[in-house]
> 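Before anything else, here's the structure in question.
So you know, we letter chains A, B, ... as the sequences are listed, proteins then strands, and number each from 1.
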Number of protein chains: 2
Amino acid sequence: MESRQPAQGEHRQPSSAEPATSARAHRPSMMDVARLAGVSHQTVSRVLNDHPNVRQSTRSRVLWSMRELGYRPNSAARTLVTGHSRTIGVIGLDSTLYGPAATMHGVDDAARRADYRVNTVGLASIDRISVLEAVERLATAGVEGVVVIAPLSSASEALADLPTDIPTVVVNAHPESDIASVTVDQAHGAQRATEHLLSAGRSTVWHVAGPANWSESRGRIEGWTRALDAARVDVPPPLTGDWSARSGYEAGRVLARLPEVTAVFAGNDHMALGLLRALHEFGRAVPDEVAVVGFDDIPEAAYFTPPLSTVRQDFSEVGRRCVRLLIGQIETPGEAAECSVVTPELVVRRSSTPSKVPQVGRGSGRE
Amino acid sequence: MESRQPAQGEHRQPSSAEPATSARAHRPSMMDVARLAGVSHQTVSRVLNDHPNVRQSTRSRVLWSMRELGYRPNSAARTLVTGHSRTIGVIGLDSTLYGPAATMHGVDDAARRADYRVNTVGLASIDRISVLEAVERLATAGVEGVVVIAPLSSASEALADLPTDIPTVVVNAHPESDIASVTVDQAHGAQRATEHLLSAGRSTVWHVAGPANWSESRGRIEGWTRALDAARVDVPPPLTGDWSARSGYEAGRVLARLPEVTAVFAGNDHMALGLLRALHEFGRAVPDEVAVVGFDDIPEAAYFTPPLSTVRQDFSEVGRRCVRLLIGQIETPGEAAECSVVTPELVVRRSSTPSKVPQVGRGSGRE
DNA sequence: CCAGACAGTGTGAGCGTTAACAATGACGTA
DNA sequence: TACGTCATTGTTAACGCTCACACTGTCTGG
């Protein structure tokens, strides 16, 4: 309501109704609003916090004064007196991996909806010292809870001996830890992917794993092994990458030379991309000669050459659940640490289905 | 220093030196530290802020008390009294595009180094109302400045009539606006890319542009046009995508059918990926028949099929400069709005260089 | 031997807000 | 008429910190 043209150009300060008190350079406070509206500051506070028992006429007078002065509540003062900052911290790995970024967005969005602010700290490295530092930073900043989006294989213990009284939710924490967490059932996804590769009659499935200190990697290795065991086929030694296309490419250069390799389950889509590249260079046809499945379902996966079969994780959902759990902990402390599990889903595309008609974009379910 | 085992399990509260005052459930305040150290709260404050004129012995006694009590300064109180929150806000587009995410990390990192906190707000959509809302949110949260990482073609005007007194830096703002900004010289990069494609003797270069409301798109179109004009060749009508691989694929399906298309400059690497896919499906060989160059140099670009020539932007640098400019504005207000320009760099790979030996990974300069 | 400088420390006020309680007035009921 | 009740408003005291200042003492130089 109230459409005022910005005709005044430079000045949008009070400019009127200023009874020549003093040269206030400060931002208007509750007091200023109260004075202009002819009420006490407490009444202004009541209007601000939607208390009942404020007469309608008073309320609108106060609201008018607020707009007139361009009043904005001072969150520091509010935080100080209430003891609540309505801010959550997010610790993310400072990389540009798709998963963490997408999760981050889910967190951000959910927090906004719940009227919480988000304070981010990127992690330079993943050792426990960095994690502790990051938590300390956030604690000092006054956050009421922390979401950790980082591989915490080695670092989840760091959280254990944290001198921390603040609620924490960890993404893909190790199952054994007793921290609240939201986890994607990596093993399940990996098992489905592996079964899918086996079902086409391949003798066994090789694996390019993620870094050993990521719990995601471990879960995927577990599911892959489980599927191979169930099918009573050999478990080849997994190669290890670092999630990058580059590392996938290097693993691919090794695998491409081995004629017995006919199916590869890559730890994520980026490594799968590198893998495809290497196989292509060595003249190993995908999917006819070698079938490939990735993990994540990044938006580009459907446009790889060939389009990549993969396991889709709903990262936004993960982020949303983190916030839900965290706010639960914040608002009802002492509750037991919950764990929420998200189930990923196999998406089949060309890289694992030999000899069919082109079908790019099919099965992505995103458009 | 001081390695104390967490042997006490649950309690890491004061636990000692508490002269039976009262059952304090609160976090320790400066007063508590002062009492324990036998000094005034002001001395504690001085220690905290590294004031000179505190005797060494006193200082260490205070520091000891802080550790003993697990004291953490209350940033809300500090902000309230100093008027400085040491927090900057970041408005990002809520997508998972590589560029914005990478820039975000640069900002985060630089802010941390400068001892500023970072408050993020993701944008659901890019209309001016969303932007205004986001700024309002951040202002209420008490940030001292804002970095806007979002396409502000339509929204940069939104910032213009903002009732905002807080410093702002916009990434890739339109040159004509008078807001402080850090921009990548899109036109320069695009021109280099186009010239490179022309130098191989292609008759002209087609372009798959990004969304019209992104200033990045406009800059790239401009550079592309400029290069074609300089070479006195026809300027084909640009196709428009939305940065996604999918949209690049669709544009590719159109271009692949036109036999006169022998060189394409894609607005970003993701669209280039879709484009490669489409060309491949239509049997148009890259680079021999059609040469392709992208923009961004995402980490995966070197592993496309074929490896993608592209224009590298240093997103981290952009983020860092944003913070530098912003903090400059914050700490010395009234300064003129600076604009910083980052020059991108052409990275040549196989997709634009016909008939050479395989050279994946070469020219990426990142390992 | 005392003024002045200065290192080191304490005291009081106030930042902008909310919570607790007190005060006012209008209304109905006994 | 008097009294409790309720809606509406004001008053005061925190919250934890920094700033400006006042206060000690110790040392220097005249």
> Between D/dT18, D/dT8, C/dA7, which nucleotide gets closest to the side-chain atoms of B/N53?
C/dA7
> Between D/dG16 atom C1' and B/N49 atom CG, what is the distance in whole Å?
13 Å
> On DNA chain C, compare the nucleotides closest to B/A77 and A/V81; which residue's is nearer the 5' end?
B/A77
> Rounded to the nearest 0.5 Å, what separates atom CG in A/D108 from atom OG1 in B/T120?
4.5 Å
> Taking CZ from B/R86 and C1' from D/dT18, how many angstroms apart are they, rounded to a whole number?
15 Å
> From C-beta outward on A/N74, which listed nucleotide comes closest to its side chain: D/dT11, D/dT9, C/dG16?
C/dG16
> Let me know the distance between CE of A/M31 and P of D/dT12, rounded to the nearest Å.
11 Å
> Within the structure shown, what part of the strands sits under 4.0 Å from A/P73 by heavy-atom distance: base, sugar-phosphate, or nothing?
sugar-phosphate
> Reckon B/S45 has a side-chain N or O less than 4.0 Å from the OP1 or OP2 of D/dT18?
yes
> Out of A/V39, A/V47, A/L36, which one pairs with A/S65 under the side chain to side chain contact (heavy atoms under 4.5 Å, CB included) rule?
A/L36
> In whole angstrom, what separates A/R78's CZ from C/dT18's C1'?
9 Å
> Taking the nucleotide of DNA chain C with the nearest heavy atom to each, does B/R55 or A/L48 sit closer to the 5' end?
B/R55
> Tell me the interatomic distance from A/R27, atom CZ, to C/dG16, atom P, rounded to whole angstroms.
9 Å
> Please give me the minimum heavy-atom distance between A/S45 and A/M30, naming the atom from each residue.
CA-CE, 3.5 Å
> Base, sugar-phosphate, or nothing: which does A/S75 touch, judged by heavy atoms less than 4.0 Å apart?
nothing
> In this structure, how many angstroms lie between the C1' atom of C/dG16 and the CG atom of B/L80, rounded?
5 Å
> Taking the side chain of A/M30 as heavy atoms from C-beta outward, which of C/dT11, C/dT18, D/dG16 is closest to it?
C/dT18
> Is B/E331 atom CD crowded by more than 12 heavy atoms from other residues, nucleotides or ligands, each under 6.0 Å away?
yes
> Under 4.0 Å between any heavy atoms, over every strand shown, what does B/T79 touch: base, sugar-phosphate, or nothing? Just pick one.
nothing
> Would you mind reading off the distance between B/Q42 atom CD and C/dT11 atom P, rounded to a whole angstrom?
11 Å
> Between B/S29 and D/dG16, is there a contact of a side-chain N or O with OP1 or OP2 at under 4.0 Å?
no
> Measure from the side-chain heavy atoms of A/R46 and tell me the nearest of C/dG8, C/dT18, D/dG10.
D/dG10
> Check whether any side-chain nitrogen or oxygen of B/T82 sits under 4.0 Å from OP1 or OP2 of D/dC19, and answer yes or no.
no
> For A/A76 and B/T79, which heavy atoms make the closest approach, and how far apart are they?
CB-CG2, 3.7 Å
> Write down the distance between NE2 (B/H84) and P (D/dC19), rounded to a whole number of angstrom.
9 Å
